[in-house]
Amino acid sequence: MPDLPRLGQGTWYMGEGDAPAADEAAALRLGLDLGMTLIDTAEMYGDGGAERVVAQAIAGRRAEVTLVSKVLPGNATRAGIPRACAASLQRLGTDYLDLYLLHWQGRTPLEETVEAFERLKDAGQIRAWGVSNLDLDELRTLPPGCAANQVLYNLEHRGPEFDLLPWMQQHAMPLMAYSPVGQAGRLLRHPALHEVAARHDATPAQIAIAFTLARPGAVSIPKAATPAHVRENAAAASLRLTPGDHATLDAAFPPPRRKLPLAML
Ligand SMILES: NC(=O)c1ccc[n+]([C@@H]2O[C@H](COP(=O)([O-])OP(=O)(O)OC[C@H]3O[C@@H](n4cnc5c(N)ncnc54)[C@H](OP(=O)(O)O)[C@@H]3O)[C@@H](O)[C@H]2O)c1
């Protein structure tokens, strides 16, 4: 598995009719143009609708994209995984995924899921496999070969910094930080983010993304269907937070002092 791009694009809520699919695909293409070449999607999003939007976005430019999709736990069985992957590939209009993730752990033993992932890898349908929403106890039990763990990580959810992120860093396993701008909720209204943003002539969303990117081994995947948001997010890659910025953010969003259960959306 080659190194993952540090900054990518999410697709949750795309392909659900909130906006014309062509506009959503155009936003993703703009992101590709601006260097956000990892696209994160899932069979769950819009019941396959998001994967269809991604197909439009990557048509004719598959080679420049690091394409990530996810299988639902109910499909993550020996027989279910090949079927789910084939359906995702068909919706995406491609013949391989760069990374295929277990969306969260269900009832199927992880070993069975990993065996099925390995078979897809041998067949060339996926380049690598990984997981999502797994905390350290489960992550430790995985057979070797896990290329990433995608978890909720942003200023409001710093729990992974206590033990999960350090372990992943030690094992050179990227942490894909989802919801890095807190789904544009109250996080972006927080005065501390506004204060740091003003120092950099930046926006609160850019600071929130820069915070996730400041962690070695982290990949950030903000979702944006609005072109102005896409431009802002791409520019966040070149923002460098100072020790003073980190102190301001730590005071407002204290790092964890003890183990917290992994939060998920
Ligand atoms: N593995 C999992 O269980 C899991 C769970 C959640 C998410 N994810 C993945 O992670 C991706 C990102 O997480 P998310 O979609 O939950 O949340 P997010 O990226 O934190 O927030 C997306 C929201 O923020 C807005 N936004 C984006 N950039 C902005 C900016 N610069 N300024 C102001 N608002 C901005 C977007 O608006 P517009 O769309 O209007 O631009 C959208 O409403 C998802 O799309 C999905 O691919 C994975």
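Remember, it's 1-based here, ligands and their atoms both numbered in the order they're listed.
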Distance-only polar pair, side chains of N75 and E43, donor-acceptor under 3.5 Å: yes
T242-D245 side chain donor-acceptor pair, cut-off 3.5 Å: yes
F162 six-ring face occupied by R257 cation (under 6.0 Å, within 45°): no
Proximal atoms of ligand 1 relative to Y45 (non-hydrogen, under 4.0 Å): 4 (C), 8 (N), 9 (C), 46 (C), 47 (O), 48 (C)
No-hydrogen, no-angle side-chain donor-acceptor test under 3.5 Å, N133 and Q105: no
Proximal atoms of ligand 1 relative to P222 (non-hydrogen, under 4.0 Å): 19 (O)
Atoms in ligand 1 with a heavy atom of V181 nearer than 4.0 Å: 18 (P), 20 (O), 21 (O), 24 (O)
Subset of ligand 1 atoms that lie under 4.0 Å from at least one heavy atom of E232: 30 (C), 31 (N), 32 (N)
Ring geometry between F117 and Y100 (parallel below 30°, tilted from 30 to 60°, perpendicular above 60°): perpendicular
Atoms of ligand 1, numbered as shown, that sit under 4.0 Å from any heavy atom of H103: 1 (N), 2 (C), 3 (O)
I221: numbered ligand 1 atoms lying under 4.0 Å from its heavy atoms: 9 (C), 10 (O), 11 (C), 12 (C)
S132: numbered ligand 1 atoms lying under 4.0 Å from its heavy atoms: 1 (N), 2 (C), 3 (O)
Under 4.0 Å to a heavy atom of L188 - the qualifying atoms of ligand 1, by number: 33 (C), 34 (N)
Closest heavy-atom pair and its distance - A27, A224: CB-O, 3.8 Å
